[in-house]
Amino acid sequence: MRQLEVENQLRDVVSRIIVQVELATSQGRTDINLALEDAFIPILKSVYNLPHLVNLNRKQKNFPGIDLGDDHDRVAFQITSTTTLEKVKFTVRQFMDRAYYNTFDELFILMLGKKQSSYSQASVNVLLTDKFAFNCKKHIIDLGDILGQVTALRLAAQERVLSEFKRILGEVDAYISFSSESIAAPTAVTSNLQMIRLPEAVYVAELTIDDKKVIAQGNAKLNYGGKARSRKSVVKMALLLNSVETDAWVCHDNKLFSFHDIEQCGLISVVDAGSVERLNVSDLADSPELDNVNILKQLLSAETREQLKQRRVRMHSKDGFFFFGSTEEGQLERRETWIGKRTAIRRVFEVKYQRKDPSKVAHQKHFSFDLTFTKLGDDWYAQIVPSWYYSYDGYRQSRWHDELLSAQKRLEHNATVRNMVRFVAYFLSGASKNEDEDHGLRFLSLVEFNVQNADEAEPVDDDGEDVAHVAGGTAA
C-alpha cells in the first residue's frame with residue numbers, strides 16, 4: 001500500500017516539475033537548469049550508484065559542456081532544459097573538443113523537459129571518434145527515464161528520492177517566482193519567497209555519547225521502548241536525559257552543529273568541550289561541498305522549528321511541515337492577529353464536531369505550511385507553501401485527511417493562497433524577533449512583484465481564512 005502511494009506521488013511530482021520547466025522554457029528562461037544542478041545530485045547518486053558525483057561548476061565556474069561528474073566511476077552529466085538535437089550536438093562537440101573522454105567514460109544528457117521521440121544518431125556520430133561512444137537512445141534521458149529507474153529501487157530509497165524531487169519542485173517554483181519580475185504578465189504576480197538573514201556563525205563540536213548506554217538509560221528513565229531509529233534520535237535522547245529540550249541543532253558525521261554557542265548552552269552536555277569550534281556561516285553557505293550546504297539548510301529548518309515551538313507551532317516529525325496547534329488544554333479555536341495592508345484575524349486551529357453526533361469530535365483542523373530554504377544569487381530565501389492539516393487528536397493524521405484537504409482546496413483561489421503566504425511570512429517575522437539574539441536567524445520581507453491592491457487581507461466566510469478585519473488596528 002505504501003509502495004503504491006510513493007509511486008503515485010513520484011509520478012505526480014515529476015509531472016509537475018516537467019510542466020513547470022516547460023513553462024519557464026516557453027517564456028525564454030532556459031537557464032533554469034543552473035538553479036537545479038545541485039538538487040539533482042542526490043537523485044542521480046541513488047539511481048546510478050555514483051557516490052562521488054559532484055557539481056563540476058563548483059570546481060570551475062561554468063564548467064564548459066558538462067555540469068556534474070564522478071571522476072571515480074567516470075560518469076558525467078549535462079543538465080539542460082533545452083531538448084533539441086542541436087543542444088545534444090553542441091554538448092557532445094564540447095565534450096570531444098575538450099577531451100573530457102580522458103576523465104569520463106560516459107556522458108548523459110539529462111533533459112528537464114520531455115525529450116524528443118528520437119534523435120539522429122548519424123548526426124552525433126559525425127562528432128565522435130574511436131576514443132568515445134555516445135548512444136542517443138541510452139545517453140539522452142529525461143525525468144521520465146529517471147522515474148522509471150527509481151521504481152526499481154527499494155521502498156526506502158524511493159522515499160528518499162521522492163523527498164528530493166519535492167525539494168526540486170520547490171526550487172523550480174521558487175526560481176519561476178524569483179524570475180517573474182522581468183516577465184511581462186497580464187496578472188499581478190506575488191512571490192512566496194521570504195528573504196532571510198542568516199546567523200553570523202555556526203558552532204560545531206565532536207559528539208561524545210555512547211549510543212548503547214544512552215538507549216539503555218532512555219528505556220529506564222524516559223520510558224523509551226525499542227531501538228533508536230537513527231543517530232539523530234539517540235542524540236535527542238541524550239539531550240533529554242540531560243534536561244536539554246532544544247531542537248536547534250543538527251548532527252552529521254559524529255559532529256553536532258548549531259547556530260547557538262555550544263559552550264554557553266545545554267548542548268555542551270553531549271560533546272567534547274575541547275572540540276568546540278566557531279565557523280563563519282559563509283563556510284557552509286558558500287561551500288563547494290553539497291554536504292555543507294545541506295547541513296546549513298537542515299540547521300535553518302531546525303532553528304525555525306525551535307523558534308516556532310515557543311509559539312505553539314509544531315513540525316510534523318515524519319513529513320516535516322509546520323502546523324498550528326491549540327495554545328491551551330480544551331481550546332476549541334485559535335485565532336492569530338496579523339497585519340497585511342491592514343490588521344486582520346486568521347483562524348489557524350479549530351475543533352470540528354460530527355454532524356450526526358455534535359458531542360463527538362470529527363477532526364481537528366490545523367493551518368499548516370511547508371518551508372524550503374534555497375539560495376538565489378547571493379541571498380537566501382524561505383519558500384512558503386501554505387496548506388491545511390487534519391488530525392484526529394491534535395497530531396496524528398485523520399483517516400479523512402485527504403478528502404478534507406481536497407474539499408478545502410476547492411474553496412481556495414489565487415487571492416486566498418496569496419493571503420495565506422503573507423500571513424505565514426508575517427508570523428515568521430514575528431517569531432524570529434529576539435532582542436537577546438540580534439545576530440540570529442531572521443525572517444525578513446516577502447519578495448513581491450507587481451503587487452496590486454488585491455493583496456489586501458480580505459474578510460471571508462468560515463472556511464479557515466481571514467475571519468475579520470480589526471478596526472483601527474485593535475481587536476474588534
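Small disclaimer: the values here were computed from a predicted structure and weren't measured.
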What about [X] and [Y], are their ring centers closer than 6.0 Å?
{"X": "F427", "Y": "W338", "answer": "no"}
{"X": "H316", "Y": "Y395", "answer": "yes"}
{"X": "F77", "Y": "Y48", "answer": "yes"}
{"X": "Y392", "Y": "H363", "answer": "no"}

Heavy-atom neighbours of [X] [atom1] exceed 12 at 6.0 Å:
{"X": "K409", "atom1": "NZ", "result": "yes"}
{"X": "K309", "atom1": "NZ", "result": "yes"}
{"X": "D393", "atom1": "CG", "result": "yes"}

Is the closest side-chain heavy-atom distance between [X] and [Y] below 4.5 Å?
{"X": "L53", "Y": "P42", "result": "no"}
{"X": "I339", "Y": "F423", "result": "no"}
{"X": "L279", "Y": "E277", "result": "yes"}
{"X": "L300", "Y": "W380", "result": "yes"}
{"X": "L371", "Y": "S301", "result": "no"}
{"X": "W400", "Y": "D402", "result": "no"}
{"X": "R314", "Y": "F322", "result": "no"}
{"X": "L332", "Y": "F349", "result": "no"}

Applying the side chain to side chain contact (heavy atoms under 4.5 Å, CB included) test to L110, which of I43, D67, L143, T80 qualifies?
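One option only clears the test, and that one is L143.
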
One pair to check against side chain to side chain contact (heavy atoms under 4.5 Å, CB included): V313 and F323. What are the steps and the verdict?
CA-CA 6 Å; V313 177; F323 64 98; 5.9 Å; no

Polar side-chain atom of [X] near backbone of [Y] as donor-acceptor pair, under 3.5 Å:
{"X": "S81", "Y": "L112", "result": "no"}
{"X": "S429", "Y": "A425", "result": "yes"}
{"X": "N192", "Y": "V385", "result": "no"}
{"X": "R197", "Y": "G440", "result": "yes"}
{"X": "S15", "Y": "R11", "result": "yes"}
{"X": "Y389", "Y": "Q397", "result": "yes"}
{"X": "Q158", "Y": "T151", "result": "yes"}
{"X": "Q194", "Y": "L444", "result": "yes"}
{"X": "D142", "Y": "G144", "result": "yes"}
{"X": "S230", "Y": "S233", "result": "yes"}

Atom pair [atom1]/[atom2] of [X] and [Y] - distance to nearest 0.5 Å:
{"X": "S387", "Y": "F369", "atom1": "OG", "atom2": "CZ", "answer": "11.5 Å"}
{"X": "L441", "Y": "T304", "atom1": "CG", "atom2": "OG1", "answer": "5.0 Å"}
{"X": "M111", "Y": "I146", "atom1": "CE", "atom2": "CD1", "answer": "13.0 Å"}
{"X": "D291", "Y": "Q298", "atom1": "CG", "atom2": "CD", "answer": "9.0 Å"}
{"X": "L162", "Y": "K166", "atom1": "CG", "atom2": "NZ", "answer": "4.5 Å"}
{"X": "L284", "Y": "K297", "atom1": "CG", "atom2": "NZ", "answer": "12.5 Å"}

Taking all heavy atoms of [X] and all of [Y], pick out the closest pair and write down the distance.
{"X": "Y390", "Y": "Q408", "value": "OH-CB, 3.4 Å"}
{"X": "F373", "Y": "A382", "value": "CE2-CB, 3.8 Å"}
{"X": "F443", "Y": "I196", "value": "CD2-CG2, 3.7 Å"}
{"X": "Q364", "Y": "G394", "value": "OE1-CA, 3.3 Å"}
{"X": "S368", "Y": "F321", "value": "CB-CD1, 4.1 Å"}
{"X": "P199", "Y": "V281", "value": "O-CG1, 3.1 Å"}

Stepwise side chain to side chain contact (heavy atoms under 4.5 Å, CB included) check, T246 with C265:
CA-CA 10 Å; T246 181; C265 64; over 6 Å; no

Under a 4.0 Å threshold between the charged nitrogen and the carboxylate oxygen, would [Y] count as salt-bridged to [X]?
{"X": "K115", "Y": "D145", "answer": "yes"}
{"X": "D261", "Y": "R278", "answer": "no"}
{"X": "E333", "Y": "R335", "answer": "yes"}
{"X": "K375", "Y": "D286", "answer": "yes"}
{"X": "D247", "Y": "K236", "answer": "yes"}

Kindly confirm or rule out a cation-pi arrangement of R334 over F324, judged by NZ or CZ under 6.0 Å from the six-membered ring centre and within 45° of its axis?
no

Taking atom types as modelled and ignoring hydrogens, do the side chains of [X] and [Y] form a donor-acceptor contact shorter than 3.5 angstrom?
{"X": "N254", "Y": "R231", "result": "yes"}
{"X": "T327", "Y": "Q331", "result": "yes"}
{"X": "H366", "Y": "E350", "result": "no"}

Chi angles and distances behind the side chain to side chain contact (heavy atoms under 4.5 Å, CB included) call for R346, N419:
CA-CA 10 Å; R346 171 171 289 275; N419 269 342; 4.0 Å; yes

Stepwise, does the side chain to side chain contact (heavy atoms under 4.5 Å, CB included) test hold for L240 with E245?
CA-CA 6 Å; L240 290 175; E245 298 186 1; 4.0 Å; yes

Parallel under 30°, tilted from 30 to 60°, perpendicular over 60°: which one fits the rings of F40 and F165?
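Because their plane-to-plane angle is over 60°, the rings of F40 and F165 count as perpendicular.
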
Geometric class of the F367/W388 ring pair [parallel <30°, tilted 30-60°, perpendicular >60°]
perpendicular

